[in-house]
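Following: one structure in structure tokens, then a few remarks.
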Number of protein chains: 2
Amino acid sequence: MSETNISVRVSETAHNYQGCLLIAQVLARIGDKWTVLVVGALSRGPVRYNQIQRTVEGISQRMLTLTLKRLEQDGIVKRTMFPTIPPRVEYELTDLGHELVVPLGALHAWALKYQPAIVDARARYAEKERENAKLAE
Amino acid sequence: MSETNISVRVSETAHNYQGCLLIAQVLARIGDKWTVLVVGALSRGPVRYNQIQRTVEGISQRMLTLTLKRLEQDGIVKRTMFPTIPPRVEYELTDLGHELVVPLGALHAWALKYQPAIVDARARYAEKERENAKLAE
DNA sequence: CTGAATCCACCAAGATACTG
DNA sequence: CAGTATCTTGGTGGATTCAG
């Protein structure tokens, strides 16, 4: 069962300043360049360090390590080390982490649905700017 | 009717790399320090420039202007100028912007539900670190 | 009142080299 | 294989000043 339902009464969530502050805190953690990509790489099950680095194109060792450490701190990711030679470390999402994938899915749905509208809005904005530049001559 | 239902089939959204890239793009726009707070300030209806600045504590003029301009570019915010003296400018969410509040609400619900778990995870992580520091002496 | 313009400090993040 | 250590830099955001 990989299906989930959310019912949100909007008027009680994002419409107060405290709630927005809370969202901002979450975004400060997961809103960086790499975190969601790493979470995505882990969303199917346990993965090894190098496997993640191959999945998330362009991430450096430093950034991968830092990102994983932060996620582990917040209890979103669980780290398991096997003291073999060579060493082997597996990362996986905790329950908390899996639950995070749900709101991320909502964000994804929004992005998917409205991306054309955004592209369009940018085009119109650029057009409007060009007109203003003309008038200013 | 300020109630909304989202049905997300998780397995089809965040589990592929392309989807994660799309989420990352959105987060690159709204995941900064101020954007969600500004969106929150606008979520009740049209607001004037100075009103926003009073609502969002600590934001500088520069950041408010930049944030609003980016949101306007993406079609999330609509700017209306009244050429009076002194000038008066109102900002309001577009339909696109109001729709964005929905996934933000999902994120808020997640944060609200699991914040205790996160605090707890950090405490345990810190505890574990202290033990490791002891063993290293 | 609603911005624009400029300067500056800081830190996240990249590159590189090294290690258990 | 799975990291750490160090150095460097680009860009974000803050403070301040000017303007329509």
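Letters A, B, ... are given to chains in the order of the sequence lines, protein chains preceding strands, and every chain is numbered from 1. Side-chain atoms are counted along with the backbone in the values below, which use heavy atoms only and exclude waters and symmetry mates.
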Could you state the atom-to-atom distance from [atom1] of [X] to [atom2] of [N] in whole Å?
{"X": "B:Ile85", "N": "C:dC1", "atom1": "CD1", "atom2": "C1'", "value": "11 Å"}
{"X": "A:Trp34", "N": "C:dA13", "atom1": "CH2", "atom2": "P", "value": "10 Å"}
{"X": "B:Arg79", "N": "C:dT2", "atom1": "CZ", "atom2": "C1'", "value": "8 Å"}
{"X": "B:Glu72", "N": "C:dT2", "atom1": "CD", "atom2": "C1'", "value": "14 Å"}
{"X": "A:Ile59", "N": "C:dA12", "atom1": "CD1", "atom2": "P", "value": "15 Å"}
{"X": "A:Glu57", "N": "C:dG14", "atom1": "CD", "atom2": "C1'", "value": "17 Å"}
{"X": "B:Leu64", "N": "C:dA4", "atom1": "CG", "atom2": "P", "value": "11 Å"}
{"X": "A:Leu66", "N": "C:dG14", "atom1": "CG", "atom2": "P", "value": "10 Å"}

Hey, which sits more toward the 5' end of DNA chain D by its nearest nucleotide, A:Gln51 or B:Asp32?
A:Gln51
Pairs in or reaching into residues 104-122 of chain A: which pass salt bridge (charged side-chain N to carboxylate O under 4.0 Å, His left out), with residues at least two apart or in two chains?
A:Asp120-A:Arg124, A:Arg122-B:Asp74
Going 5' to 3' on DNA chain D, which nucleotide is the first and which the last to come under 4.0 Å of a heavy atom in chain B?
D:dG13 to D:dG20
Checking one residue: B:Leu22. Which other hydrophobic residues are in its cluster under the side-chain 4.5 Å linking rule?
A:Leu112
I'd like a table of atom pairs between the protein and nucleotides 15-20 of chain C - only N or O on both sides, under 3.5 Å - with the distance next to each one.
none

It should be established whether B:Lys69 places a side-chain nitrogen or oxygen under 4.0 Å from OP1 or OP2 of nucleotide C:dA4.
yes
Verify same cluster id: [X], [Y] (apolar side-chain graph, 4.5 Å):
{"X": "B:Met81", "Y": "A:Tyr125", "result": "no"}
{"X": "A:Ile52", "Y": "A:Val39", "result": "yes"}
{"X": "A:Phe82", "Y": "A:Tyr91", "result": "no"}

Near B:Asp95 CG, under 6.0 Å, is it more than 12 heavy atoms from other residues, nucleotides or ligands?
no
Between A:Val38 and A:Val77, is a side chain to side chain contact (heavy atoms under 4.5 Å, CB included) present by the stated rule, with each step listed?
CA-CA 10 Å; A:Val38 170; A:Val77 156; 5.8 Å; no
Distance-only criterion, 3.5 Å: show the donor-acceptor pairs between side-chain atoms of residues 58-67 of chain A and protein atoms not counting sequence neighbours.
| unit_1 | atom_1 | unit_2 | atom_2 | d |
| --- | --- | --- | --- | --- |
| A:Ser60 | OG | A:Met63 | N | 3.2 |
| A:Thr65 | OG1 | A:Tyr49 | OH | 2.9 |
| A:Thr65 | OG1 | A:Gln61 | O | 2.9 |
| A:Thr67 | OG1 | A:Met63 | O | 2.7 |

Please figure out whether A:Lys33 or B:Leu68 has its closest DNA chain C nucleotide nearer the 5' end.
B:Leu68
Under the side chain to side chain contact (heavy atoms under 4.5 Å, CB included) rule, collect the residues that match up with A:Glu57, sequence neighbours excluded.
B:Tyr17
May I ask you to say what B:Tyr91 touches in the nucleic acid, namely base, sugar-phosphate or nothing, with a heavy-atom cut-off under 4.0 Å?
sugar-phosphate
